[in-house]
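Notes follow once the structure below has been shown.
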Amino acid sequence: MRQFKFKINTELSGSLARTGTIKTPHGEIQTPAFIVVGTKATVKAMTPEQVKAVHAQAVLANAYHLYLQPGHKLIEKAGGLSKFMNWNGPTFTDSGGFQVLSLGSGYKKVIDMVGGQQETVSTQDRRAFVDNDGVTFYSHLDGSKHRFTAELSMQIQHAIGADIMFAFDELTSLVDSYEYQIESLRRTHAWAERCIKELSRLRAEHPDRSYQALFGVVQGAQYEDLRRQCARFLVALDFDGFGIGGAIEKNRLGEIVSWVNQELPKDKPKHLLGISEPDDIFAAIENGIDTFDCVSPTRVGRNGSAYTYFGRKNIVASRFREDFSPLIEGCECYTCQNYSRAYLHHLLHAHELLANTLMSIHNEHFIIKLVDDIRNSIVDGSFYKLKQNWLKNYYSKVDK
RNA sequence: GCAGGGAUAGUGAAGCGGUCAAACACGGCAGACUGUAAAUCUGUUGGCUCAGCCUUCGGGGGUUCGAAUCCCUCUCCCUGCA
């Protein structure tokens, strides 16, 4: 019995935006929702109680990382991801497909979301090699050799036991040729079919775990024909929802998401992988995205930046040394309720671990609240007003 | 008191006649971070009218075309012996 359900609650006329509810065995997710990232079965520097307190509805972990350490079998023995990490809400796992890029062609390179200059990586520097059947790669932890296939990714994710899993895909970069995108897409399609097949085998083997939902991932980079083609291909398969992945030029994000969502069935949830900048969030939701995840709030926080209504602020900067006000006046997060910018500045300079926790709490709270506010604005029809005012402030360069 | 060693930019520490405004580390300053090889990475860090010039390597004085680097002397510190 599949317990995964998605229901649309309200729609914003004149756009693809909607609110909805995803029902999983571990609880409901009110969408649009920002899904917090906990790659290695932990949201870095935060306890599950703190994750709950910032109103996170679900956590997304990573199959690649958990396979290498501590091993998916161990998590299975522990009773599944949710129990293992003491997070009693819904969970997602990413397939490990992203590592094809981050360890392969994008090794040591930042994925350029703006679409500027990019270099490809020479073969000898690569740690991952893609072929039609799968990916051979070397562990970033100890250099040991491994091989991922669609089947193994499903076995890993199935063992980890998240409520929502993603099909194994290949992520290309913007500099890959159109020809390569076609070749890659062919693999992503084949792997999607193999994921479906492998999951049905696993479900038959483990009826108790048939609750796990599987999302297919749409690739195709910046090409409209490829994006639409990929979406149509995946629709024909038995996916519970869809992820949209791959290299996306920042200024075309809304456009690309809209092509895909015009092809995908309306009544299934759509997840945009790895996005959380405020302007991207507005663009994504406006074009029909229900959930997204991103490492940015925690990573940026650990590295000293805080989200505010007037842009990100580098709290390590000396101008905050004697600033005894909270990160945001009136912010309801634990950090702003109790600590000043000067204190956070001090913790960051002293490399105190509490800095990571307090900065992460604020940033996660901030992004989650933004998405919650957007959800409410869809319900009461004030979406466009919120978007306009919000982004005007955020990019105003005012230092408040 | 005698013998030896040492004083280098914010700190520690290289340099031991020219390529030294002086390695490197830390600290400082600034920036970046979008399916986490990230408590990470990048740039910068004497001054200025900045492709050049000026003042620096404990203080002072020498040697030399040229000194942080050699000599004399003073001050302070360390280690032995008295």
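Keep in mind it's a predicted model, so treat the numbers as computed, not measured. To find a chain, count down the sequence lines: A is the first, B the second, and so on, and within it residues start at 1.
Side-chain polar atoms of A:Asn338 and A:Tyr343 form no donor-acceptor pair below 3.5 angstrom. A donor atom on one side chain and an acceptor atom on the other are found under 3.5 Å apart for A:Glu277 and A:Tyr307. A:Arg209 and A:His158 are linked by a side-chain donor-acceptor pair at a separation below 3.5 angstrom, with hydrogens and angles left out of the test.
A salt bridge is absent between A:Arg186 and A:Glu183; no separation between the charged side-chain nitrogens and carboxylate oxygens falls under 4.0 Å. Ion pairing between A:Asp373 and A:Lys369 holds under the 4.0 Å rule for side-chain N and carboxylate O. In this structure, A:Glu263 pairs ionically with A:Arg232, as a charged nitrogen and a carboxylate oxygen lie closer than 4.0 Å. Comment: A:Glu224 does not engage A:Arg227 in a salt bridge, judged by the lack of any side-chain N to carboxylate O separation of less than 4.0 angstrom.
On a pure distance criterion of 3.5 Å, no polar donor-acceptor pair joins the side chain of A:Ser296 and the base of B:U36. Looking at A:Lys40, its side chain has no donor and acceptor atom pair within 3.5 Å of the base of B:U36. Within 3.5 Å, no donor on the side chain of A:Gln157 pairs with an acceptor on the base of B:G35, nor the reverse. The base of B:G35 sits with one of its N or O atoms less than 3.5 Å from a complementary donor or acceptor on the side chain of A:Asp169.
Within the nucleic acid shown, A:His65 comes within 4.0 Å of sugar-phosphate atoms alone, with no base atom in reach, counting heavy atoms only. Across all strands shown, A:Asp94 has heavy atoms under 4.0 Å from base atoms, whether or not it also approaches the sugar-phosphate. When heavy atoms are screened at a 4.0 angstrom cut-off, A:Thr298 is found touching base atoms of the nucleic acid. In this structure, A:Gln69 reaches neither bases nor backbone, as no heavy-atom distance under 4.0 Å exists between it and the strands shown.
Residues of residues 31-39 of chain A having a heavy atom closer than 4.0 Å to RNA chain B, listed by number: A:Val37, A:Thr39. Within residues 346-359 of chain A, the residues having any heavy atom under 4.0 Å from RNA chain B are, by residue number, A:His349, A:His351, A:Leu353, A:Asn356.
Not counting sequence neighbours, the partners of A:Glu170 by the salt bridge (Lys or Arg N to Asp or Glu O under 4.0 Å) test are A:Arg187.
Across all strands shown, the partner of B:G12 is B:C24, judged by Watson-Crick or G-U wobble contacts whose two distances both fall under 3.5 Å. The base-pairing partner of B:G43, taking Watson-Crick or G-U wobble contacts with both distances under 3.5 Å, is B:C29. Across the strands present, B:U49 finds no partner; the criterion is a Watson-Crick or G-U wobble pair with both atom distances under 3.5 angstrom. With a cut-off of 3.5 Å on both Watson-Crick or G-U wobble distances, the partner of B:U64 is given as none.
Proximity note for A:Glu277 (side chain, C-beta onward) versus B:U34, B:G35, B:C33: the nearest is B:U34.
The side chain to side chain contact (heavy atoms under 4.5 Å, CB included) test with A:Ser382 singles out one residue from A:Asp380, A:Val379, A:Ile378, and that residue is A:Asp380.
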